[in-house]
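All remarks here apply to the structure that follows.
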Amino acid sequence: MNICELQQEIIRMKKENDVCILAHSYQAREIVEVADFTGDSFQLSLMATKASNKNVVMCGVRFMAETVKLLSPEKKVYLANPEAGCPMAEQMDRELIESVKKEYPDYAVVAYINTTSELKTVCDVCVTSSSAVNIVKKLPEKNILFIPDCNLGDYVSKQIPEKNFKLLQGGCPTHARISAEEARKAKELHPEAELLVHPECKPAVTALADFVGSTAAIMNYAEKSDKKEFIIGTEISITEHLSYQCPDKKFYNLSKDLICSNMKATTLVDVYHAVAGDGGEEIILDDDTMVRARKCIDKMIELG
Ligand code: 13P
Ligand code: SF4
C-alpha cells in the first residue's frame, strides 16, 4: 500500500472499529491527516472525553496516552507505538520527588503535564506550557517546587517574581539542545522574520525571541500575525504544519536539530495496526494511580 491507500484504509477502519485517533501536533503530516483531533496533550485528552467512541488511539508519547486514560477511564486507550516515551516525562521518579518534598515541606509541587502518571501521584497540581503562569499565580502557596523542566520553570518564575521557585535540573532534550548562538544565526539569516520560541528552550534562547509560548500559542500567533516570515523555535513538524495552514507566509526552522525522535517513533503503519486492533499497547493504570494522578489534573482544571 502507498501512503494514500494506507490513510484511506485507516479512515475506513476507524469508523468500523469505533476508534477516535488523536495526534499531537509534533506528529508527522501523514498522521495528522488521518486524526480526528490534533493539538497539545491536554487539549487532546479533553477532546477524547467528548468523543463518543469506545476506543482511542494516541499518536504521541506514553505520558499523553496516560493523560487520556486518566480523563476517560471508561474508554480503551491505546498508545500507537508502545516504544514512544518522553525522556523528560521519565527523568524523575516518585522516590526522588518524595525525598525533595521532605526537604521543602512548605512548597507546592507543580508538575508539568509532561510527566508520568506515577509522578503525578505525588504532585499537588499539574500545568501545561499554556496554563503554567496562570495556574501558579492562582496557587495560595508562595513557595513553588516546579518539576521536571527547569527551562519552563525559569520562564514561569520570571513572570511571577513575587513567588519563590525551587527548580530541579530536568528538561526536554530536544528543545534544550538549541543554543543562543543558533538563534542569533537564524535571525541574521532571516532578518525580516520573527522568532517564536517554546519555553522548554534555554533562557538564553527565549531571551532572543519575539514571542514565547506553547506549541498551540506559537501556531495561533503565526496564523493571526500580520507578519509574513517566522523562525519556529519548537519541534520541526510545526514549521511544516504552519506552511500548510498559512501558504502565504514563510516559516523557517530555528534548527534542524529540533526534531523529537520520540515523537517521530510513531509511523503511519503503527497507526494502521493500532486501529486494526493488532498493534499499539492498551494503557492500563492501577486504581491508586488513577485516583491520585487524576486529582493533580483536576486541580489544574479547577484553577484553570
Ligand atoms: P506543548 O504541546 O504543550 O507545547 O508541549 C510541548 C512538548 O514538548 C510536547 O511534548
Ligand atoms: Fe518529550 Fe521534548 Fe519530545 Fe516533547 S519534544 S515528547 S517534551 S522529548
Side-chain angles (χ1 to χ4, degrees), residues 24 39-49 61-73 86 88-172 198-200 212-217 285-304:
H24 187 272
D40 67 30
S41 60
F42 185 58
Q43 283 168 342
L44 292 176
S45 48
L46 284 182
M47 291 304 183
T49 63
V61 290
R62 184 168 291 272
F63 80 83
M64 299 178 176
E66 289 183 353
T67 309
V68 174
K69 182 67 185 173
L70 289 170
L71 291 191
S72 299
C86 165
M88 162 152 73
E90 291 153 21
Q91 245 155 18
M92 292 170 193
D93 59 19
R94 209 174 59 187
E95 288 71 31
L96 172 77
I97 300 308
E98 276 169 340
S99 77
V100 179
K101 274 168 71 159
K102 282 190 191 128
E103 265 182 76
Y104 298 92
D106 56 342
Y107 278 61
V109 184
V110 177
Y112 191 14
I113 196 157
N114 299 22
T115 41
T116 60
S117 49
E118 193 203 6
L119 199 65
K120 288 183 179 83
T121 62
V122 290
C123 297
D124 297 307
V125 63
C126 198
V127 296
T128 65
S129 50
S130 312
S131 67
V133 172
N134 182 34
I135 288 178
V136 174
K137 265 188 191 164
K138 285 185 182 166
L139 285 173
E141 290 89 349
K142 195 173 159 57
N143 296 328
I144 307 294
L145 174 64
F146 191 97
I147 62 159
D149 187 348
C150 61
N151 291 336
L152 177 62
D154 178 85
Y155 174 75
V156 175
S157 71
K158 284 179 178 144
Q159 319 302 310
I160 319 175
E162 65 279 17
K163 296 207 178 198
N164 302 323
F165 282 76
K166 166 80 191 153
L167 308 177
L168 302 186
Q169 288 306 304
C172 163
H198 197 284
E200 287 174 16
V212 181
S214 66
T215 310
L285 299 173
D286 62 61
D287 293 347
D288 185 54
T289 305
M290 286 295 281
V291 171
R292 292 169 64 199
R294 171 74 197 243
K295 243 190 218 168
C296 178
I297 296 180
D298 282 344
K299 182 87 178 160
M300 166 173 78
I301 296 171
E302 181 199 317
L303 291 171

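The figures that follow rest on heavy atoms only: side chains count, while hydrogens, waters and symmetry mates do not. Throughout, residue positions are numbered sequentially from 1 according to the sequence presented. As the structure is a prediction and not an experimental result, all values here were calculated from the model.
Separating the CG atom in N151 from the CD atom in E200 is a distance of 8.5 Å, to the nearest 0.5 Å. The line from CD1 of I135 to SG of C126 is 8.0 Å long, rounded to the nearest 0.5 Å. With rounding to the nearest 0.5 Å, the separation of CZ in R292 from CG in L70 is 13.0 Å. The CD atom of Q159 lies 9.5 Å from the CG atom of D154; values are rounded to the nearest 0.5 Å. Rounding to the nearest 0.5 angstrom, the gap separating the SG atom in C123 from the CZ atom in R94 is 11.0 Å. If you take OH on Y155 and CZ on F146, they are separated by 11.5 Å, rounding to the nearest 0.5 Å.
Looking at K101, its side chain never comes within 3.5 Å of a backbone N or O of P105 through a donor-acceptor pair. Judged by distance alone, the side chain of K120 and the main-chain N or O of C296 form no donor-acceptor pair under 3.5 Å. Proximity of a side-chain donor or acceptor of E118 to a complementary backbone N or O of D93 within less than 3.5 Å is not detected. The backbone N or O of L96 sits less than 3.5 Å from a side-chain atom of S99, completing a donor-acceptor pair. At distances below 3.5 Å, at least one donor-acceptor pair connects side-chain atoms of K163 with backbone N or O atoms of V136. The backbone N or O of S117 sits less than 3.5 Å from a side-chain atom of E66, completing a donor-acceptor pair. A donor-acceptor pair under 3.5 Å is formed between the side chain of D124 and the backbone N or O of V109.
Closest of all the heavy-atom pairs between P199 and G213 is CD-O, 3.2 Å. The heavy-atom pair separating M290 from K69 by the smallest distance is CE-O, 3.6 Å. Between Q91 and P148, the closest heavy-atom pair is OE1-CB, 4.2 Å. The minimum heavy-atom distance between A293 and T121, with the atom names listed, is N-CG2, 3.9 Å.
Here the side chains of M64 and I113 are not in contact, with every heavy-atom distance at 4.5 Å or above. Using a 4.5 Å heavy-atom threshold, the side chains of D149 and N114 count as separate. Put simply, the side chain of H198 reaches to within 4.5 Å of the side chain of T215, judged on heavy atoms. Using a 4.5 Å heavy-atom threshold, the side chains of I97 and L168 count as touching. Proximity of N143 to K166: side-chain heavy atoms (C-beta onward) are nowhere separated by under 4.5 Å. V156 places none of its side-chain heavy atoms less than 4.5 Å from the side chain of Y112. The closest side-chain heavy-atom distance from I147 to L119 is below 4.5 Å. The side-chain heavy atoms of L71 and R294, taken from C-beta on, include a pair separated by under 4.5 Å.
Remark: the S131 side chain and the N134 side chain contain no N/O donor-acceptor pair separated by less than 3.5 Å.
Scanning for ring-ring contact (aromatic ring centres under 6.0 Å, His included) contacts around F165 gives an empty result, with sequence neighbours left out. Scanning for side chain to side chain contact (heavy atoms under 4.5 Å, CB included) contacts around S130 gives D40, T128, S214, with sequence neighbours left out.
In this structure, D288 places its CG atom where more than 12 heavy-atom neighbours from other residues, nucleotides or ligands lie under 6.0 Å away. Crowding of Q169 atom CD: a count of heavy atoms from other residues, nucleotides or ligands under 6.0 Å not exceeding 12. Residue-environment remark: NZ (K158) exceeds the threshold of 12 foreign heavy atoms within 6.0 Å.
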